[in-house]
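Structure record follows, encoded as structure tokens.
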Amino acid sequence: QVQLVESGGGLVQAGGSLRLSCTASVRTFSRQIMGWFRQAPGKEREFVAAITWIGSTIYYADPVMGRFTISRDNPKNTVYLQMNRLKPEDTAVYYCAAGQQIGTNLSRGRYDYWGQGTQVTVSS
């Protein structure tokens, strides 16, 4: 069982930055990837970014490419999402998830452990 705890959300003005953190209670070989997802009010949850615990595979959704950076600290079992040049449309609850890698497109991984979510609000 993997427990995930997110932190770092908040309120920021457009153009500002936030860094989200997600710490896993345990890192297992069966869950090779960590992803960030978000869900805005009235919308479906969407993929944001993902990273492998081993190696250097990273994947971003097009809307955040060039603005968000995902990284990891293996000894701390922690994954980060640095969000720069934030826009009002980035407003959402952000979730981290642990999953199994299926191919190189990490958005298609099988994510089955989820955190509780952290709210990010970007004002215009």
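For the numbers below, each heavy atom of this structure counts, side chains included, while hydrogens, waters and symmetry mates do not. Everything quoted here is computed from the prediction, not taken from an experiment.
Using modelled atom types and a 3.5 Å distance limit, the side chains of Asn77 and Arg27 yield a donor-acceptor pair. Residues Thr78 and Thr23 bring a donor and an acceptor atom of their side chains to less than 3.5 Å of each other. For the 3.5 Å distance criterion, the side chains of Gln119 and Thr121 qualify, holding a donor opposite an acceptor.
Among the candidates Asp90, Leu20, Leu81, the single residue satisfying the side-chain contact (heavy atoms from CB on, under 4.5 Å) test with Val48 is Leu81.
Side-chain atoms of Arg45 never come within 3.5 Å of backbone atoms of Tyr94 as a donor-acceptor pair (strictly under, hydrogens ignored). Within the 3.5 Å criterion, the main-chain N or O of Asn84 finds no donor-acceptor partner in the side chain of Ser17. Looking at Thr57, its side chain never comes within 3.5 Å of a backbone N or O of Thr52 through a donor-acceptor pair.
Taking the six-membered ring for Trp and thresholds of 30 and 60 degrees, Tyr111 and Phe47 have ring planes inclined between 30 and 60 degrees apart.
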Show me, pair by pair, the donor-acceptor contacts under 3.5 angstrom made by side chains of residues 103-110, not counting sequence neighbours?
| from | atom 1 | to | atom 2 | distance (Å) |
| --- | --- | --- | --- | --- |
| Asn105 | OD1 | Ser107 | N | 3.0 |
| Asn105 | OD1 | Ser107 | OG | 2.5 |
| Asn105 | ND2 | Tyr59 | OH | 3.4 |
| Arg110 | NH1 | Gln100 | OE1 | 3.1 |

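Side-chain contact between Met34 and Cys22: present, with at least one pair of heavy atoms (C-beta onward) separated by less than 4.5 Å. With contacts defined as side-chain heavy-atom distances shorter than 4.5 Å, the pair Ile70/Tyr60 qualifies. Counting heavy atoms from C-beta on, the side chains of Gln3 and Val5 never come closer than 4.5 Å. Counting heavy atoms from C-beta outward, Arg67 and Lys87 have side chains that approach closer than 4.5 Å. Looking only at side-chain heavy atoms (C-beta outward), Ile33 and Ile51 stay at 4.5 Å or farther from each other. Residues Leu18 and Val120 are in side-chain contact: their nearest non-hydrogen atoms beyond the backbone lie under 4.5 Å apart. By the 4.5 Å heavy-atom criterion applied to side chains, Ser71 and Gln82 are not counted as neighbours.
The hydrophobic cluster containing Val26 does not contain Trp114, counting ILVMFWY residues as joined when their side-chain heavy atoms lie under 4.5 angstrom apart, directly or transitively. Grouping the Ile, Leu, Val, Met, Phe, Trp and Tyr side chains by contacts below 4.5 angstrom, directly or via other members, places Tyr80 apart from Ile58. Residue Trp53 is not grouped with residue Tyr95 when hydrophobic side chains (ILVMFWY) are merged at heavy-atom distances under 4.5 angstrom, including chains of intermediate members.
Shortest non-hydrogen contact noted between Ala14 and Pro88 is CB-CD, 4.1 Å. In terms of heavy-atom proximity, Pro63 sits nearest to Arg38 at CB-NH2, 4.1 Å.
Distance check: Ile54 CD1 to Asn74 CG gives 5.5 Å after rounding to the nearest 0.5 Å.
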(message) Would Gln116 and Glu6 count as a side chain to side chain contact (heavy atoms under 4.5 Å, CB included) here? Give the steps.
(response) CA-CA 7 Å; Gln116 82 286 353; Glu6 302 107 330; 2.8 Å; yes

(request) Kindly indicate, with the supporting measurements, whether the criterion side chain to side chain contact (heavy atoms under 4.5 Å, CB included) is fulfilled by Glu46 and Phe37. (result) CA-CA 5 Å; Glu46 64 175 358; Phe37 294 76; over 6 Å; no

(request) Kindly determine whether Arg31 and Asp112 satisfy side chain to side chain contact (heavy atoms under 4.5 Å, CB included), including the steps that lead there. (result) CA-CA 9 Å; Arg31 300 295 184 276; Asp112 53 359; 2.7 Å; yes

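Aromatic rings of Trp36 and Phe68 (six-membered ring for Trp) have centroids beyond the 6.0 Å cut-off, not under it.
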